[in-house]
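What follows is a set of notes on a single structure, which appears directly below.
Atom set for the values below is all heavy atoms of this structure, side chains included, hydrogens, waters and symmetry mates excluded.
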Amino acid sequence: MRSRVRAVILTMVGIPLISPAVLALVGLRRGSGDGLFVLAWALLPLVAAAAAGYMTPLMAGMAITHFVGVLAGALVLRATRSWSWALVALTAASALGILVTSQVAGGVVESLSQAITEAAGGAQSPEAQQLSQAFASESQATGYLCWVSVISAALALILGRWWQATLYNPGGLREELHALRMPIPVAGAGMLLWIYCLVNEHLVFWGAVAAFPMMVAGICLIHWLVARKGWGRGPLIAMYITLVIAALPLAGFLCGLALIDSWIDIRARSGNNR
């Protein structure tokens, strides 16, 4: 990023995915000093809009959490050159941000219901009732928003890293993601948290958040295997389609695969068996 002014402008306009990816690029390339500088300017219109009443505290908090999570992941990736720890940092920052946002906003379900009711002119709308029925509890709704925030932040970080690799190290991102492997303590803790959350319907989405770094590691391992075998894009397309229509079973498989890889290092064993 040649100019901090350009970066500030691109982040302040709030283009979905693009603006946080620009912040990620600044953090990856220039470090915490410039990253925090651009972050401060990116948050300025959000804070001003929330203070003036143009944005609800929930929406402003989600946007702020998104930017902070992306920058946290970028700075950890820059410092450690490890995607595993970058994903852990991104997930932790997003989870903390959403929890704080929920408390400040007075509850996710309540805030969304009020916004829908206000949009309907103060009348009780079917959408507000459907929202209350969709989430069994406040923790379930908060977990869902955290899940969405983590996914969007990870996509922005990957996009920012892809821009950096395209400029300075073509093909580098592909090699990094193909080599992604979770440390065994992180993988084990993530799997235990996910299993614990699965038995409680109120914590299902929080379990998905805890297992997110492992799921990404499993996806990257599948990408590596497909590339190594030369199977083309067909298996990857099938995997992503299945992830949409049967998310839970495939997520369990991907997390289990990542856990096994953390334990035995599938890539190294595959190389030794050549």
Side-chain angles (χ1 to χ4, degrees), residues 11-12 14 16-17 19-24 26-27 32 35-77 79 85-116 118 131-132 134-157 160 186 189-190 193-194 196-197 200-213 216:
T11 52
M12 288 183 70
L17 189 62
S19 293
V22 171
L23 177 62
V26 173
S32 59
L36 291 173
F37 176 83
V38 175
L39 174 65
W41 280 101
L43 299 187
L44 183 61
L46 297 174
V47 174
Y54 294 110
M55 289 182 70
T56 65
L58 179 62
M59 295 298 105
M62 288 181 62
I64 292 172
T65 296
H66 188 48
F67 278 115
V68 172
V70 171
L71 182 60
L75 294 179
V76 171
L77 181 58
W85 290 114
L87 289 172
V88 170
L90 180 150
T91 301
S94 298
L96 180 61
I98 291 297
L99 286 173
V100 171
T101 297
S102 175
Q103 294 298 317
V104 173
V108 172
V109 176
E110 182 65 25
S111 297
L112 291 177
S113 297
Q114 287 181 357
I116 293 173
E118 290 175 2
L131 177 66
S132 300
F135 296 111
S137 65
E138 176 66 23
S139 59
Q140 191 178 77
T142 307
Y144 174 76
L145 288 186
C146 186
W147 171 240
V148 173
S149 180
V150 168
I151 293 176
S152 58
L155 291 175
L157 178 58
V186 176
L193 282 172
W194 186 55
Y196 172 78
C197 291
N200 188 333
E201 65 172 337
H202 304 294
L203 301 177
V204 170
F205 288 114
W206 283 109
V209 171
F212 178 75
V216 174

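- Between Ala24 and Ala74, the shortest heavy-atom distance links the atoms O-CB, 3.7 Å.
- To the nearest 0.5 Å, atoms CE (Met12) and CG (Leu44) are separated by 5.5 Å.
- No donor-acceptor pair closer than 3.5 Å links the side chain of Trp206 to the backbone N or O of Cys197.
- Of the inter-residue distances, the one linking Ile151 atom CD1 with Thr91 atom OG1 reads 10.0 Å to the nearest 0.5 angstrom.
- Annotation for Thr65 and Ser94: closest pair CG2-O, 3.4 Å, computed over non-hydrogen atoms.
- Two residues are said to be in side-chain contact when any heavy atoms from C-beta on lie closer than 4.5 Å; Phe205 and Leu145 fail this criterion.
- Considering all non-hydrogen atoms of both residues, Gln140 and Glu201 come closest at NE2-O, 2.8 Å.
- Inter-residue side-chain proximity for Val209 and Leu193 is flagged as unmet; no heavy-atom pair is nearer than 4.5 Å.
- To the nearest 0.5 Å, atoms CG (Leu90) and CG (Leu77) are separated by 10.5 Å.
- The side-chain heavy atoms of Val26 and Phe37, taken from C-beta on, include no pair separated by under 4.5 Å.
- Atom OG1 in Thr56 sits 9.0 Å away from atom CE in Met62 (nearest 0.5 Å).
- Of all the heavy atoms in Pro20 and His66, the pair that sits closest is CG-NE2, 3.3 Å.
- Without hydrogens or angle criteria, Ser152 side chain to Ser149 main chain gives a donor-acceptor distance under 3.5 Å.
- In terms of heavy-atom proximity, Ala86 sits nearest to Gly73 at CB-O, 3.5 Å.
- Between Phe212 and Ala154, the shortest heavy-atom distance links the atoms CZ-CB, 3.6 Å.
- The line from CG of Leu23 to CG of Leu39 is 5.5 Å long, rounded to the nearest 0.5 Å.
- Taking CH2 of Trp41 as the start and OG1 of Thr11 as the end, the distance is 10.5 Å to the nearest 0.5 Å.
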